[in-house]
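Since this is a predicted model, take the numbers as computed values, not measurements. Quick note: numbers below take in every heavy atom, side chains included, and nothing from hydrogens, waters or symmetry partners.
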Amino acid sequence: YTMIKYCDQNFYLTLGALSKLKSQHQEDPNSTILTANKPALLRSLFTVGALCRHFDFDQEDFKGNSKVNIKDKVLELLMYFTKHSDEEVQTKAIIGLGFAFIQHPSLMFEQEVKTLYNSILSDKNCSVNLKIQVLKNLQTYLQEEDTRMQQADRDWKKVAKQEDLKEMGDISSGMSSSIMQLYLKQVLEAFFHNQSSVRHFALNVIALTLNQGLIHPVQCVPYLIAMGTDPEPSMRNKADQQLVEIDKKYAGFIHMKAVAGMKMSYQVQQAINTCPQDPVRGFRHDESSNALCSHLYSMIRGNRQHRRAFLISLLNLFDDTAKTEVNMLLYIADNLACFPYQTQEEPLFIMHHIDITLSVSGSNLLQSFKESMVKDKKKERKPSSDEETESDSNSGSESKSEEEASKPRRLRKRVNSDSDSDEENDINAVMKCLPENSAPLIEFANVSQGILLLLMLKQHLKNLCGFSDSKIQKYSPSESAKVYDKAINRKTGVHFHPKQTLDFLRSDMANSKITEEVKRSIVKQYLD
């Protein structure tokens, strides 16, 4: 009791000191007295919070006949110093708040507290230290609540026979749930921070929230899939473990949010990409070259229906109508190239659907390019009858050259000894027909990346698994699963390297000025 009384006296002394420092700061923020008293201020902010964590000073035993609401007074003082210009003072004030919220969690519903926490978590320019401290506060609160609930559970077991209903812990868990709903979105968005320490504490908060069953897990699934691609193994494993737990309790949730999770994982990789000039890739840059989302695929692949729906959804993103950005397509193609396929059916199914997509989107893309050339030529001026005859013969030769260019290169080399000059003639023939307006060219270059990636992906899977053309053509997705249930014999040293797309992204062609060199590059893409 003597020690508690000393704590009580110490608390009021510290509270008085804080009030005095606040008044001095309000009068003159640049006062030298404040600078000299900074160590005392930092200690006071910490101590007031720490004492509030362990004692409720609004109880009569502590404050006696005083009418002052200590809880509100502490909140007012600590909130004042969170707006201080010195980051160290701000951090100590937020630490003090975190302590106070453990004793009085209802304070987290206050509008000024919500605004403070959410603005720190969502502001990209805010200090990393402040972000981490807010996340630490939430983590400590949840850990304390977990300890309280476990204690309540033990107490309940002692008196269970005398009680009719389980009421212990219900109120506090209901409050925890409401509090986490308030801050959940901002905590999840912290996964997209470039600092691993911020992502680490955000993941800890989400793991505690899910383990205590405070929120519906479906809203966290895409973010956990994204965190499963983190460069740090400890965080990857923690996120993957949470997904496994969710999948045990709620079958189908992972598959439902798989594509959204893949897209979010691309955002995480974008955030942590240290060199913006380099395109974001979808595999690990180590000896394994595993797909970043390989754990997600391994969770889905066991269910044939879910696996097929997932793969089709990913391939649909390559359709020109989906308007998916090129780097994301590269990221998804990387994953599709490196997923841990086990049976022949898996890559054959992908190649089958690539063929379907190419037959529609690829043809449409080529047709739109041809039409843009012809239309623009007609619009420029009406040709004379001599020129019409000449253009007819040109278009005939052009179609021949296109037909020639569309043959496989090996075949062309057999037919023509001088294939390089032949390709050059093809390029020159198409260059003459290009429209004055360069917008359709850039549009074509952008949209065609999806088609080129699918062509490269199909070739890669064919080389990786050693499939013959006849085996690929004979495959039918409606056949019995047992027919293609054989294990894959993967070839070593086969890497997915879509050079054209990498060059397109590195040169930032989508935003380039149209030069002759860029035009030639686009024409070569068209002929390929």
Test side-chain contact (heavy atoms from CB on, under 4.5 Å) applied to K238 - qualifying residues, sequence neighbours left out: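 Partners of K238 by the side-chain contact (heavy atoms from CB on, under 4.5 Å) criterion, ordered by chain and then number, come out as L203, N204, A207.
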Determine whether [X] and [Y] make a side-chain contact, defined as any pair of heavy atoms from C-beta on separated by less than 4.5 Å.
X: L214; Y: L142; result: yes
X: L130; Y: T91; result: yes
X: E346; Y: I350; result: no
X: R490; Y: Y341; result: yes
X: M264; Y: I225; result: no
X: L292; Y: S265; result: no
X: M431; Y: E516; result: yes
X: Q242; Y: N211; result: yes

Do [X] and [Y] have side-chain N/O donor and acceptor atoms under 3.5 Å apart?
X: Y141; Y: S176; value: yes
X: Q133; Y: N137; value: yes
X: N463; Y: Q459; value: yes
X: R148; Y: Q151; value: no

Spell out, as yes or no, whether a donor-acceptor pair under 3.5 Å connects the side chain of [X] to the backbone of [Y].
X: D286; Y: S289; answer: yes
X: R301; Y: F339; answer: no
X: Q186; Y: Y117; answer: no
X: N273; Y: D278; answer: yes
X: N335; Y: C293; answer: yes

Atom pair [atom1] ([X]) and [atom2] ([Y]), whose distance is rounded to the nearest 0.5 Å:
X: I246; Y: L224; atom1: CD1; atom2: CG; result: 5.5 Å
X: K462; Y: D469; atom1: NZ; atom2: CG; result: 3.5 Å
X: L188; Y: Q219; atom1: CG; atom2: CD; result: 7.5 Å
X: I120; Y: I132; atom1: CD1; atom2: CD1; result: 12.0 Å
X: L317; Y: M262; atom1: CG; atom2: CE; result: 8.5 Å
X: S521; Y: Q500; atom1: OG; atom2: CD; result: 7.5 Å

Please give me the minimum heavy-atom distance between [X] and [Y], naming the atom from each residue.
X: N194; Y: R199; result: O-NH1, 3.3 Å
X: D247; Y: G252; result: OD1-N, 4.2 Å
X: V205; Y: T209; result: O-OG1, 2.6 Å
X: P279; Y: N327; result: CA-OD1, 3.6 Å
X: F467; Y: L461; result: CD1-O, 4.4 Å
X: G228; Y: R284; result: O-NH2, 3.7 Å

Stepwise side-chain contact (heavy atoms from CB on, under 4.5 Å) check, K136 with I94: CA-CA 10 Å; K136 275 184 179 177; I94 291 170; over 6 Å; no
Heavy atoms from other residues, nucleotides or ligands near NZ of K263 exceed 12 (cutoff 6.0 Å):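 Not buried by this count: 12 neighbours or fewer within 6.0 Å.
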Verdict with supporting geometry, K474 and E479, salt bridge (charged side-chain N to carboxylate O under 4.0 Å, His left out): CA-CA 10 Å; K474 280 178 188 172; E479 275 193 64; over 6 Å; no
Mutual orientation of the aromatic rings belonging to F496 and H460 [parallel < 30°, tilted 30-60°, perpendicular > 60°]: perpendicular
Geometric class of the F253/Y250 ring pair [parallel <30°, tilted 30-60°, perpendicular >60°]: parallel
Derivation and outcome, side-chain contact (heavy atoms from CB on, under 4.5 Å), residues Y183 and V134: CA-CA 11 Å; Y183 302 108; V134 167; over 6 Å; no
Salt-bridge present ([X], [Y]; N to O < 4.0 Å):
X: D240; Y: R236; value: no
X: K131; Y: D123; value: no
X: R520; Y: E517; value: no
X: K185; Y: E189; value: yes

Identify every side-chain donor-acceptor pair in residues 439-455 under 3.5 Å, counting partners at least two apart or on other chains, and give the distances.
residue, atom, partner, partner atom, Å
S448, OG, F444, O, 2.9
S448, OG, A445, O, 3.1
S448, OG, Q525, NE2, 2.5
Q449, OE1, T501, OG1, 2.9
Q449, NE2, A445, O, 3.1
Q449, NE2, Q525, OE1, 3.4

Criterion side-chain contact (heavy atoms from CB on, under 4.5 Å) on Y223 and Q267, from CA distance to verdict: CA-CA 10 Å; Y223 293 91; Q267 288 176 264; over 6 Å; no
Test side-chain contact (heavy atoms from CB on, under 4.5 Å) applied to L243 and M227, step by step: CA-CA 10 Å; L243 287 174; M227 279 303 288; over 6 Å; no
Summary of ring-ring contact (aromatic ring centres under 6.0 Å, His included) pairs that have at least one residue in residues 474-494, sequence neighbours excluded: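 Every ring-ring contact (aromatic ring centres under 6.0 Å, His included) pair that includes a residue of residues 474-494, provided the two are not neighbours, is H352-Y475, Y475-Y484.
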Check: F191 ring centre within less than 6.0 Å of H193 ring centre: no
